[in-house]
Amino acid sequence: MEGSKRFVRHTRIIVTHYGGPDALRVVEEECPEPKDGEVRVKVRAAGVSLPDIMAREGVHPETPLAPFTPGWDLVGVVDRLGAGVSGIEPGQIVAAMPISGAYAEFVCLPQRELVPVPSGLDAAEAVTLVLNYITAYQMLHRSAKVRPGQRALIHGAAGGVGSALLQLGQLAELVL
Ligand SMILES: NC(=O)c1ccc[n+]([C@@H]2O[C@H](COP(=O)([O-])OP(=O)(O)OC[C@H]3O[C@@H](n4cnc5c(N)ncnc54)[C@H](OP(=O)(O)O)[C@@H]3O)[C@@H](O)[C@H]2O)c1
């Protein structure tokens with residue numbers, strides 16, 4: 001019902017000031033409406049990685065001005081299309097890397113920022129592939145331009161990027 005749209009509410013997290021976990025607040029507000037060219041996504045899982053914590057602390061170079069909603073990456077389901085959007089349907093599973101804003105029930109993003117995700121994947125598992133694995137992939141294939149059989153030393157191979165480097169390094173047939 002068109003008239004009831006303004007009563008749809010959602011929750012999101014806000015970093016009120018740069019600092020520890022006490023800087024996080026939950027706010028309830030009107031659900032965002034997608035603008036022209038945007039898609040509203042219902043977030044199923046958002047990543048929690050080192051850059052999210054650095055942004056909360058205000059020490060990451062790409063930290064937004066406080067107050068802001070954190071959340072570097074997400075996997076969600078297409079919920080509503082803005083004007084001029086085509087080629088994507090409500091119900092489709094997508095991933096995105098908005099850098100901030102993913103710690104929300106709903107987020108509106110430009111259609112061009114959405115990447116389709118195969119259905120049937122667990123959203124919390126799939127979201128781990130977005131920031132950390134893109135970072136690791138770029139290091140291996142765009143910066144180092146690795147080739148099969150080469151040796152690689154991975155520092156801190158227990159963390160987000162380090163674990164991704166181990167798995168992507170195996171796929172690239174590196175000697176680890
Ligand atoms: N995540 C990204 O997409 C991204 C993007 C660009 C750059 N980076 C950079 O990549 C690096 C790793 O980031 P990350 O996101 O993978 O972080 P992370 O998930 O926190 O992993 C860091 C790993 O390093 C280990 N570690 C920290 N200090 C150590 C020390 N002194 N000796 C041995 N091990 C140590 C940690 O072990 P414990 O857990 O036991 O402390 C953890 O396993 C950081 O420098 C970050 O700024 C990350």
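Read the numbers this way: they start at 1 and go in the same order the structure lists the ligands and their atoms. Numbering of residues begins at 1 and proceeds along the displayed sequence. As a basis for the values below, the full set of heavy atoms in this structure was taken, side chains included, without hydrogen atoms, waters or symmetry mates.
For atom 29 (C) of ligand 1, no protein heavy-atom neighbour is found at a distance under 4.0 Å. Distance remark: protein heavy atom not present below 4.0 angstrom from atom 37 (O) of ligand 1. For atom 8 (N) of ligand 1, no protein non-hydrogen atom is found at a distance below 4.0 Å. Distance remark: protein heavy atom not present below 4.0 angstrom from atom 40 (O) of ligand 1. At a distance under 4.0 Å, no protein heavy atom can be found next to atom 26 (N) of ligand 1. Counting only heavy atoms, the protein gets under 4.0 Å from atom 5 (C) of ligand 1. Less than 4.0 angstrom separates atom 17 (O) of ligand 1 from at least one non-hydrogen atom of the protein. Proximity of atom 2 (C) of ligand 1 to the protein is indicated by at least one non-hydrogen atom lying closer than 4.0 angstrom.
Between Val161 and ligand 1, at least one N/O pair is under 3.5 Å apart. Taking distance alone, with nitrogen or oxygen atoms compared against 3.5 Å, Gly160 approaches ligand 1 more closely than that limit. Distances between N or O atoms of Pro51 and those of ligand 1 include no value under 3.5 Å. Considering both main-chain and side-chain atoms, Thr135 comes within under 3.5 Å of ligand 1 through a nitrogen or oxygen pair.
A side chain to side chain contact (heavy atoms under 4.5 Å, CB included) with Gln111 is found for one member of Leu81, Val94, Val85, Val78 and no other, namely Val85.
Checked by atom type and distance alone, the side chain of Asp79 never pairs as donor or acceptor with a backbone atom of Arg40 at under 3.5 Å. Within the 3.5 Å criterion, the main-chain N or O of Thr11 finds a donor-acceptor partner in the side chain of Glu105. Formation of a donor-acceptor pair under 3.5 Å by the Asp52 side chain with backbone atoms of Trp72 is found in this model. For the pair Glu38 (side chain) and Lys35 (backbone), a donor-acceptor distance under 3.5 Å is present.
Side-chain atoms of Arg12 and Thr69 form a donor-acceptor pair, as typed in the model, at a separation below 3.5 Å. With 3.5 Å as the limit, one finds no donor-acceptor pair spanning the side chains of Glu28 and His10.
Atom 34 (N) of ligand 1 has its closest protein heavy atom at Gly156 CA, 4.8 Å. Looking at atom 22 (C) of ligand 1, its nearest protein heavy atom turns out to be Gly159 CA, 4.1 Å.
Contacts between Ser49 and ligand 1 below 4.0 angstrom, taking non-hydrogen atoms only, are absent altogether.
Hydrophobic clustering, with ILVMFWY side chains joined whenever heavy atoms are under 4.5 angstrom apart, keeps Met97 apart from Tyr103. With hydrophobic clusters built from ILVMFWY side chains whose heavy atoms lie under 4.5 angstrom apart, Leu166 shares a cluster with Leu129.
Taking a cut-off of under 4.0 Å to the non-hydrogen atoms of Asn132, the atoms of ligand 1 that pass are 1 (N), 2 (C), 3 (O).
Counting all heavy atoms, side chain and backbone alike, Gly169 lies closest to Leu140 at N-CD1, 3.8 Å.
If you check each of Asp52, Asp73, Ile134, Leu50 against atom 44 (C) of ligand 1, the one with the closest non-hydrogen atom is Leu50.
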